[in-house]
Amino acid sequence: MKHKIVGKQKNSKLCFVCGMKNDLGLKAHFYATEGQELIALFKPCEEHQSYPGRLHGGVASAVLDETIGRAILNKYDTEVWGVTIELNVKFKKPIPLNEELKVVGRITKENNRIFEGTGEIYLQNGETAATAYGKYFKVPLERIADFDPEENEWKIIEKEDDPDEIEI
Ligand SMILES: CCCCCCCCCCCCCCCC(=O)SCCNC(=O)CCNC(=O)[C@H](O)C(C)(C)COP(=O)(O)OP(=O)(O)OC[C@H]1O[C@@H](n2cnc3c(N)ncnc32)[C@H](O)[C@@H]1OP(=O)(O)O
């Protein structure tokens with residue numbers, strides 16, 4: 001299925017998943033789709049392994065968590081932030097290193113205190129490697145972190161190969 005991309009989310013400086021200056025991080029890029037989903041693209045490397053050649057399940061969980069947690073920004077931009085209070089991940093296939101992976105996340109339920117969502121990691125052959133359900137507590141950003149957007153380099157990072165559509 002082709003997903004039309006309607007926008008790109010911002011990256012940060014040091015977040016493990018989206019920090020562009022975190023040398024051990026995933027440096028994932030996040031694209032909002034026409035269908036109100038969010039797609040993360042990232043390429044794990046050797047430092048992200050568990051068994052040799054296999055992505056660590058905790059790292060897979062981290063990227064699923066952030067993709068679902070960021071999907072709320074498609075709707076509210078930066079007005080609503082959440083902290084994860086529950087994450088349930090199912091690992092269905094080994095996830096390889098050194099190849100680009102796609103993660104899709106979406107919000108499935110929301111009220112004034114929490115939001116919930118689901119997500120999946122897809123292998124290059126289209127198989128679903130992991131699925132997740134996450135629950136998030138809405139917290140104002142100033143209660144989550146002492147966050148200065150400039151200091152934390154919170155900005156859109158444009159790449160020459162930013163996609164107009166993503167096929168999964
Ligand atoms: C510009 C910025 C750039 C940023 C840079 C880039 C980053 C962009 C990332 C964005 C995407 C994010 C994706 C990753 C997000 C994380 O990784 S966040 C890190 C992991 N999570 C956490 O640290 C959360 C830790 N927990 C807490 O801080 C506190 O438990 C909470 C959630 C704030 C709640 O605490 P509280 O305000 O003191 O409230 P409390 O009375 O304890 O609970 C309130 C209610 O929630 C319920 N509750 C609390 N915990 C739970 C639970 N685990 N399960 C079920 N119910 C619960 C309680 O039972 C209570 O219910 P009621 O009794 O009122 O009915």
Side-chain angles (χ1 to χ4, degrees), residues 1-49 55-84 87 89 95-107 115 117-124 126 129-130 132 134 136 138-168:
M1 180 184 169
K2 283 193 171 131
H3 299 263
K4 187 170 168 8
I5 302 307
V6 294
K8 186 170 188 183
Q9 289 196 358
K10 294 176 178 173
N11 281 73
S12 73
K13 184 178 175 186
L14 287 174
C15 169
F16 176 71
V17 175
C18 72
M20 299 309 290
K21 291 194 178 155
N22 185 334
D23 291 340
L24 296 177
L26 302 180
K27 298 187 174 71
H29 292 261
F30 293 87
Y31 301 92
T33 74
E34 197 173 43
Q36 295 288 310
E37 293 184 315
L38 188 68
I39 300 181
L41 301 182
F42 77 108
K43 192 195 257 194
C45 62
E46 299 295 328
E47 285 76 10
H48 301 135
Q49 68 184 274
L55 183 66
H56 199 293
V59 176
S61 303
V63 71
L64 281 160
D65 181 19
E66 182 149 340
T67 307
I68 301 167
R70 275 173 170 265
I72 197 80
L73 305 181
N74 282 353
K75 182 171 173 190
Y76 293 110
D77 192 14
T78 52
E79 284 160 42
V80 173
W81 295 88
V83 292
T84 317
L87 186 68
V89 184
I95 302 176
L97 307 170
N98 301 316
E99 59 182 62
E100 188 176 72
L101 298 165
K102 296 169 185 162
V103 189
V104 184
R106 68 203 58 83
I107 302 305
F115 61 89
T118 57
E120 307 86 36
I121 298 180
Y122 293 94
L123 303 180
Q124 286 198 339
Y136 302 77
K138 291 183 182 177
V139 182
L141 187 57
E142 60 272 17
R143 272 193 57 208
I144 302 177
D146 184 10
F147 191 81
D148 174 347
E150 287 208 4
E151 164 73 23
N152 289 280
E153 300 180 19
W154 180 245
K155 60 186 177 193
I156 292 176
I157 307 291
E158 286 181 10
K159 291 197 303 164
E160 265 181 23
D161 59 349
D162 278 331
D164 296 325
E165 57 181 28
I166 296 174
E167 174 133 32
I168 294 176

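With a 6.0 Å radius and a threshold of 12 heavy atoms from other residues, nucleotides or ligands, Asp148 has its CG atom above the threshold. Residue Glu99 places its CD atom among more than 12 non-hydrogen atoms of other residues, nucleotides or ligands, all under 6.0 Å distant. The number of heavy-atom neighbours closer than 6.0 Å to CD of Glu167, taken from other residues, nucleotides and ligands shown, is above 12.
For the pair His48 and Leu24, the tightest heavy-atom approach, listed with the atom from each and the gap, is NE2-O, 2.8 Å. Between Pro96 and Pro44, the shortest heavy-atom contact is O-CG, 3.6 Å. Minimum heavy-atom separation, Thr67 to Ala40: OG1-CB, 3.6 Å. Of all heavy-atom pairs spanning Ile95 and Ala130, the tightest one is CD1-CB, 4.4 Å. Of all heavy-atom pairs between Trp81 and Phe115, the closest is C-CE2, 4.4 Å. Across all non-hydrogen atoms, the minimal contact from Tyr122 to Gly126 is CD2-O, 3.7 Å.
Counting heavy atoms from C-beta on, the side chains of Lys27 and Lys43 never come closer than 4.5 Å. For the pair Leu123 and Leu101, the minimum side-chain heavy-atom distance is below 4.5 Å. Side-chain contact check for Ile5 versus Thr33: some heavy-atom pair is nearer than 4.5 Å. Side-chain atoms of Pro163 and Leu41, non-hydrogen and from C-beta on, do get closer than 4.5 Å to each other. Put simply, the side chain of Asn98 reaches to within 4.5 Å of the side chain of Cys45, judged on heavy atoms. In this structure the side chain of Leu55 reaches within 4.5 angstrom of the side chain of Leu97, judged on heavy atoms. Put simply, the side chain of Phe16 reaches to within 4.5 Å of the side chain of Val59, judged on heavy atoms. Considering only heavy atoms from C-beta on, Ile68 comes within 4.5 Å of Tyr136 through its side chain.
Atom CG in Asp65 sits 5.0 Å away from atom CG in Leu87 (nearest 0.5 Å). Going from atom CZ of Arg70 over to atom CD of Gln9 covers 5.0 Å, rounded to the nearest 0.5 Å. Summarising the geometry, atom NZ belonging to Lys4 is positioned 14.5 Å from atom OH belonging to Tyr31; distances are rounded to the nearest 0.5 Å. A distance of 9.0 Å separates CE of Met1 from CD1 of Ile168, quoted to the nearest 0.5 Å. Summarising the geometry, atom CG belonging to Leu73 is positioned 10.5 Å from atom CD belonging to Glu79; distances are rounded to the nearest 0.5 Å. Interatomic distance, CZ of Phe42 versus CD of Glu100, reported as 9.5 Å (0.5 Å rounding).
In this structure, the side chain of Lys8 engages the main chain of Ile157 through a donor-acceptor pair within 3.5 Å. For His56 (side chain) and Ser61 (main-chain N/O), no donor-acceptor pair under 3.5 Å exists by modelled atom type. Of the possible polar contacts, none joining the Gln36 side chain to the Asn74 backbone as a donor-acceptor pair under 3.5 Å is found. A side-chain donor-acceptor contact under 3.5 Å links Gln49 to the backbone of Glu46.
Defined by atom type and a distance below 3.5 Å, a donor-acceptor pair is missing between the side-chain atoms of Glu153 and Asn11.
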task: Verify salt bridge (charged side-chain N to carboxylate O under 4.0 Å, His left out) between Glu120 and Arg106, making sure each step is shown before the conclusion.
output: CA-CA 10 Å; Glu120 307 86 36; Arg106 68 203 58 83; 2.8 Å; yes

- request: Give the intermediate values and the outcome of side chain to side chain contact (heavy atoms under 4.5 Å, CB included) for residues Lys75 and Ile107.
  value: CA-CA 10 Å; Lys75 182 171 173 190; Ile107 302 305; over 6 Å; no

